[in-house]
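The figures that follow rest on heavy atoms only: side chains count, while hydrogens, waters and symmetry mates do not.
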Amino acid sequence: MKDIFQLAAEQFALEGEILSNEPYGDGHIGVTHLVRTTKKNYILQKINHFVFPEPEKLIQNIENVTDFLDARGVETLRLVPLKTGGNLLRQGENYFRVYDFIENTVYYQTITDEKVFRNAGRAFGEFQNTLAEFDASVLHETIAKFHDTPKRFRDFEAALAANASGRADTCKPEIDFVLSRKDTLDKVTKGLADGSIPLRVTHNDTKLNNILMDAKTGEARAIIDLDTVMPGSMLYDFGDSIRFGASTAAEDEKDLDKVHFSVSLFKAYAEGFYGAVKHTITPAERELLPYSGYLMMMECGMRFLADYIAGDVYFATAYPEHNLVRCRTQFRLAEETWAHFDELKDIIDSL
Ligand code: ADP
Ligand code: GN1
Ligand code: MG
């Protein structure tokens, strides 16, 4: 019997005959397959409609954003239509889409070369500049209050109170870490609310494996995973890249002795990003660049821990403690970043 991925792939207007259809990549949200045909390679994704409850609106956003980028000569995702037209396949409960595979690129889970991270910073900064002309009124908010960190804290408290998995007593130190830092989480949401930080159209999920780099030159090629392009703050985009990339280890490294916040990687990314946005960034945003990495480490760590306590209902996990391991790396990074704020401010001032 054919599986749902094969049945789905056959509905799209692919060139050539399908040769293989296998799991691919390191995303935590959708299920991604690489489909090889006699002519081309494609990315087939099962959309997670628990996370994105309105797949039709999600696809409309992708159509609008990719058309906008394409018209400006920016290499971007290219949706492949269904044989019957349209870009979204619904099969029973499941939703699928297909993209052209972006060839001759690589993605990173950790950074070994500062140059690559500087290039990623420049690309995300330029992406931000390009999106400045995008009409936010045509965008659906695909996930409400996505980076509202104080709300994420309340969600964490609710997950803890419910303790659906019964695991809360196995992660007491991590829970205490979050609770003790409650008052450090509201600088960006406050700034957005009082207008001191501008609302911009942002990517919102700028981790390193969401940017494809040229396999030969190490230059940035395409920013992918556009599902969370929504109104937000530039600080979320800068901070989330720092969260994931300015670390000496992978997001799910079990050995915390290997996990450190790297000031030199922060500097490399900041040089690239700041170089691109220096004409549009406001003083209030500039001031919070060092803090934004800390904020995203706390937010993401809190989300991993909440999901561990809720019983792994949101992020894809490979083993039972995966979300707990992930939250520990985030909290280690948050602690170290906090201790380096003065140094990070000096770096930003020097740019
Ligand atoms: P998720 O939302 O689950 O993170 P992504 O859209 O980021 O899903 O895709 C998961 C991974 O698949 C990416 O990190 C990247 O490695 C790979 N990928 C996605 N789209 C493409 C594409 N068009 N070309 C090449 N690789 C891709
Ligand atoms: C998810 O989809 P992916 O794997 O690129 C998550 C991000 C988290 C990240 C942590 C829609 O990103 O918010 O920061 O995992 N995306 C969504 O690795 O929740
Ligand atoms: Mg992704």
Side-chain angles (χ1 to χ4, degrees), residues 28 143-197 199 202 204-207 228 232-244 246-247 251 256 259-261 266 284-285 287-315 321-345:
H28 296 342
I143 303 177
K145 299 192 180 291
F146 190 59
H147 282 303
D148 182 331
T149 316
K151 179 183 177 286
R152 294 287 190 182
F153 180 85
R154 293 193 294 277
D155 292 347
F156 166 78
E157 285 182 313
L160 181 57
N163 192 14
S165 67
R167 287 165 162 174
D169 57 358
T170 66
C171 46
K172 196 79 179 62
E174 291 78 12
I175 293 169
D176 289 345
F177 183 86
V178 174
L179 297 178
S180 71
R181 288 177 176 252
K182 178 182 181 181
D183 297 337
T184 65
L185 306 175
D186 64 356
K187 285 199 201 319
V188 177
T189 37
K190 264 196 181 149
L192 287 168
D194 69 22
S196 59
I197 296 174
L199 195 65
T202 48
N204 294 304
D205 190 1
T206 54
K207 68 176 173 180
T228 51
S233 164
M234 175 197 281
L235 292 160
Y236 299 144
D237 282 5
F238 182 83
D240 200 55
S241 289
I242 295 301
R243 171 190 82 72
F244 191 88
S247 169
E251 190 185 59
L256 283 184
V259 183
H260 297 290
F261 171 69
F266 175 93
E285 286 171 322
E287 172 84 24
L288 289 178
L289 286 174
Y291 165 81
S292 68
Y294 166 82
L295 183 69
M296 292 296 99
M297 291 159 192
M298 287 302 299
E299 180 183 288
C300 195
M302 237 158 39
R303 292 174 62 198
F304 287 144
L305 183 56
D307 197 33
Y308 176 71
I309 295 169
D312 305 327
V313 293
Y314 188 96
F315 296 104
E321 276 77 40
H322 208 161
N323 274 316
L324 183 59
V325 165
R326 286 171 177 151
C327 90
R328 287 180 176 147
T329 65
Q330 301 309 295
F331 297 154
R332 163 59 57 89
L333 294 170
E335 247 179 335
E336 291 193 0
T337 306
W338 184 265
H340 280 100
F341 274 161
D342 290 340
E343 214 178 322
L344 304 184
K345 280 206 172 104

Mutual orientation of the aromatic rings belonging to Tyr291 and Phe341 [parallel < 30°, tilted 30-60°, perpendicular > 60°]: tilted

Rounded distance (nearest 0.5 Å) linking atom CG of Asn204 with atom OG of Ser233: 9.0 Å

Heavy-atom pair of closest approach, residues Leu256 and Arg332: O-NH1, 3.0 Å

Heavy-atom side-chain contact between Leu305 and Phe331 under 4.5 Å: yes

Spacing of Lys182 atom NZ and Thr149 atom OG1 [to the nearest 0.5 Å]: 14.0 Å

Nearest non-hydrogen partners of Ala334 and Met298, listed with the distance: CB-SD, 3.7 Å

Evaluation steps, side-chain contact (heavy atoms from CB on, under 4.5 Å), between Lys187 and Leu288: CA-CA 8 Å; Lys187 285 199 201 319; Leu288 289 178; 3.6 Å; yes

Value rounded to 0.5 Å, distance of CG in Asn323 from CD in Glu174: 12.0 Å

Validation row: His28, Asp205 side chains within 4.5 angstrom (heavy atoms): no

Check against salt bridge (Lys or Arg N to Asp or Glu O under 4.0 Å), Arg243 and Asp240: CA-CA 5 Å; Arg243 171 190 82 72; Asp240 200 55; 2.7 Å; yes

Trace of the side-chain contact (heavy atoms from CB on, under 4.5 Å) decision for Asn163 with Ser165: CA-CA 6 Å; Asn163 192 14; Ser165 67; 4.1 Å; yes

Pairing of Arg303 and Asp307 as salt bridge, 4.0 angstrom limit: no

Glu299 CD to Phe304 CZ distance, which is reported to the nearest 0.5 Å: 11.0 Å

Non-hydrogen side-chain atoms of Phe177 and Pro173 separated by less than 4.5 Å: no

4.5 Å side-chain heavy-atom contact, Ser292 and Ile242: no

Check: Thr184 and Tyr294 side chains under 4.5 Å, non-hydrogen atoms: yes

Parallel, tilted or perpendicular, as decided by the 30° and 60° cut-offs, for the rings of Phe266 and Phe238: perpendicular

Beyond-backbone contact of Leu179 with Phe153, side-chain heavy atoms, under 4.5 angstrom: yes

Which residues share a ring-ring contact (aromatic ring centres under 6.0 Å, His included) with Tyr308, sequence neighbours left out: none

Note, Asp312 side chain near His322 side chain (heavy atom, < 4.5 Å): no

Main-chain N/O of His147 paired to Tyr236 side chain as donor or acceptor, under 3.5 Å: yes

Non-hydrogen atoms of Pro290 and Thr337 that approach each other most closely: O-CG2, 4.2 Å

Gap between atom OG of Ser196 and atom NZ of Lys190 - 0.5 Å precision: 10.5 Å

Leu235 side chain reached by Leu295 side chain, heavy atoms, under 4.5 Å: no

Whether Thr189 side chain and Asp148 backbone form a donor-acceptor pair below 3.5 Å: no

Glu336 side-chain N/O to Phe261 backbone N/O, donor-acceptor pair under 3.5 Å: yes

Contact summary for Cys327 and Gly301, nearest pair of heavy atoms: CB-O, 3.3 Å

Worked verdict on Lys151 versus Phe146 for side-chain contact (heavy atoms from CB on, under 4.5 Å): CA-CA 9 Å; Lys151 179 183 177 286; Phe146 190 59; over 6 Å; no

Evaluation steps, side-chain contact (heavy atoms from CB on, under 4.5 Å), between Val259 and Ser247: CA-CA 7 Å; Val259 183; Ser247 169; 4.1 Å; yes

Spacing of NZ belonging to Lys345 relative to CG belonging to Leu289, to within rounding of 0.5 Å: 11.0 Å

